[in-house]
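This report concerns only the one structure given below.
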Amino acid sequence: SVPATCFPTASAVANSWDAALGEEIGAALGEEAAAQEVSVVLGPGLNMKRNPLCGRSFEYFSEDPYLAGKLAAGYIRGIQSKGVAACPKHFAVNSQETRRMASDSIVDERTLREIYLTGFEIAVKEGHPRSIMSSYNLVNGTYANENKHLLMEILRGEWGFDGAVITDWGGSNDHALGVKNGSTLEMPAPGGDSVRELLAAVESGKISESDIDARLSELLPLVFDTKAALDAAPREFDAAAHHALARRAAEESLVLLKNEGSLLPLAAGSKVAVIGDFAKNPRYQGAGSSMVNSTQVDVLLDKLIDSELNVIGYQQGFDRHGKPDAALQKSACELATQADTVILCMGLDEIAESEGLDRSNLRLAQNQMDLLQAVAAINPKIVVVLYSGSVVETPWLDNCQALLYAALGGQAGAGAVADALALGVALNNLPECAAAGTADGQFTSTGYVPPLQGTQFTTPQTGCPSCSSSS
């Protein structure tokens, strides 16, 4: 793909609880799309995180439908301010990747509306998207893309949506029934078979010409209006300005989960050992169709070397994909003995969470936890920087003095993390529950993580607009 700015993932930006920030990011996305002659941005994603094992959680905002809807509406307004269309997804009740094209979400009407549809309703009524993407799964026995109750009765009838419903790629199962029940465009380009299917359906009486006319009345304005916007748009964008916005977004997406003894921010001149593969080879975006060919990627190790901290050395510490390696662990421990403080970068690798498959557990790789325990026995002044797009268990929490959740902070996230470690930044809250641990497949939760008090960091930003707590 052509180079573009890799902003923090939706799960990261949700840590900011800031719809205005989402609108700024959306405007940048819309500008880049127009410059690259892309008429529809396939996002934002706002599915509910009903199970923390969902492999695609990094692409979604929250388990809170109000927060997800507000943030999505901001993104949509920003994207569409540049003349291109947003396409929020995946409508609806799509909360797993395993068998995502065949799973059936059985849900009563109250739960459907209060949990799974509220975010989309806010996004539609406040963001006014020109399109929306239907999901792969069935809902109460009918594929979402052919579901009259979802597409015609609720989306178009109750919410007043007059844009195009676009299938997820390969998500059309009965094209004629989809057209009849509100699905506008089948993707990817289906060729002549779908045309012949529609002709046969009209001839047999399965659908009417008026059904086709209705879908064309939704599609043609999308085509012509976005084409005019693309024709008028410049063919370049300010990559440096967008990188700066990505860094600010990353700063507002950090969450400080632990800071015993106000260890952070670290004093200027502190001797620090930097350990962990993620410090040198950053994990900054999700895997699957959302992957971006970034215009540039900042590296945490480089940013720390350029800071006022005294970086005495770096060690990889562990194999990124979980293979035990005693030599790597030994070298890391030797470096830790020489430092005032250890910055240990841990997280999920690219395979652990990805589109198309769900996670089998919430654990970090055992070799990372073993390394942390070994280093803590030598030097207990450890700051863990955690990279992941979704929640992880933290049975290792007692082995570190500070824990900074960096999420998947995009191409400029390293600079934000370095500033947080050396200078301090505003604090934010997690937009979803953090798992304390699992037992026999049952999840326990610590609830929303409260803002830290008594640190040297600047005043936390305003919190969730739906409640009185700060973030």
Side-chain angles (χ1 to χ4, degrees), residues 254 256-284 297-349 364-388 392 394-406 409 413-425 452 455-457:
L254 298 171
L256 186 61
L257 295 173
K258 182 178 182 180
N259 195 22
E260 282 186 359
S262 296
L263 179 61
L264 295 178
L266 300 174
S270 297
K271 293 178 11 180
V272 298
V274 181
I275 297 173
D277 190 37
F278 299 107
K280 190 173 183 179
N281 301 292
R283 170 99 200 282
Y284 63 96
V297 180
D298 293 340
V299 176
L300 179 58
L301 180 59
D302 295 338
K303 293 297 181 179
L304 290 173
I305 291 173
D306 291 340
S307 74
E308 295 185 1
L309 300 176
N310 178 13
V311 177
I312 64 169
Y314 162 79
Q315 287 293 332
Q316 179 180 338
F318 56 81
D319 175 81
R320 189 185 193 90
H321 302 299
K323 180 181 178 181
D325 192 317
L328 289 178
Q329 180 174 307
K330 180 182 178 181
S331 297
C333 289
E334 290 174 351
L335 178 63
T337 63
Q338 307 169 40
D340 297 329
T341 305
V342 174
I343 298 173
L344 177 53
C345 297
M346 303 168 64
L348 299 176
D349 67 15
L364 293 180
Q366 188 63 46
N367 64 341
Q368 295 185 43
M369 294 188 287
D370 291 343
L371 173 64
L372 173 59
Q373 185 173 7
V375 172
I378 297 169
N379 186 342
K381 293 184 66 176
I382 300 172
V383 180
V384 168
V385 179
L386 180 62
Y387 293 93
S388 70
V392 298
T394 56
W396 41 263
L397 189 60
D398 289 342
N399 288 327
C400 64
Q401 194 169 330
L403 172 58
L404 179 66
Y405 179 51
V417 171
D419 279 355
L421 296 174
L423 303 175
V425 294
L452 281 142
T455 70
Q456 302 174 40
F457 284 60

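Please read these numbers as outputs of a predicted model, since none were measured by experiment. The first residue in the sequence is number 1, and the count goes up from there.
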Looking only at heavy atoms, which two atoms of [X] and [Y] are closest? And how far apart?
{"X": "Pro265", "Y": "Ala420", "result": "CB-O, 4.2 Å"}
{"X": "Met346", "Y": "Met369", "result": "CE-N, 4.3 Å"}
{"X": "Ala374", "Y": "Gln329", "result": "CB-NE2, 3.5 Å"}

* Of Leu264, Val383, Leu309, which meets side-chain contact (heavy atoms from CB on, under 4.5 Å) against Thr341? ->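 Option passing the side-chain contact (heavy atoms from CB on, under 4.5 Å) with Thr341: Val383.
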Can you check whether [X] reaches [Y] side chain to side chain, under 4.5 Å on heavy atoms?
{"X": "Asp277", "Y": "Leu328", "result": "no"}
{"X": "Ile343", "Y": "Leu266", "result": "yes"}
{"X": "Leu421", "Y": "Val272", "result": "no"}
{"X": "Tyr405", "Y": "Leu403", "result": "no"}
{"X": "Cys400", "Y": "Leu344", "result": "no"}

* Whether over 12 other heavy atoms sit under 6.0 Å from Gln366 CD ->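 Check passes, neighbour count above 12.
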* To do: Decide if atom CD of Glu308 counts as having more than 12 heavy atoms of other residues, nucleotides or ligands within a radius under 6.0 Å.
  =>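 No, because the 6.0 Å sphere around CD of Glu308 holds 12 heavy atoms or fewer from other groups.
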* **side-chain contact (heavy atoms from CB on, under 4.5 Å) between Leu386 and Leu364, worked out** => CA-CA 10 Å; Leu386 180 62; Leu364 293 180; 4.1 Å; yes
In Å and rounded to the nearest 0.5 Å, what is the [atom1] to [atom2] distance from [X] to [Y]?
{"X": "Cys345", "Y": "Leu304", "atom1": "SG", "atom2": "CG", "answer": "7.5 Å"}
{"X": "Arg283", "Y": "Leu300", "atom1": "CZ", "atom2": "CG", "answer": "15.5 Å"}
{"X": "Lys258", "Y": "Leu263", "atom1": "NZ", "atom2": "CG", "answer": "10.5 Å"}
{"X": "Lys280", "Y": "Asp302", "atom1": "NZ", "atom2": "CG", "answer": "9.0 Å"}

* Candidate pair Asn367 and Asp325, rule side-chain contact (heavy atoms from CB on, under 4.5 Å), full reasoning -> CA-CA 8 Å; Asn367 64 341; Asp325 192 317; over 6 Å; no
* Please check if the side chain of Gln368 supplies one atom and the backbone of Gly347 the other of a donor-acceptor pair under 3.5 Å. =>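 Yes, Gln368 side chain to Gly347 backbone: donor-acceptor pair under 3.5 Å.
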* Report yes or no: does Lys303 contribute a side-chain atom to a donor-acceptor pair with the main-chain N or O of Asp298 at less than 3.5 Å? =>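 The answer is no, because no donor-acceptor pair under 3.5 Å joins these two groups.
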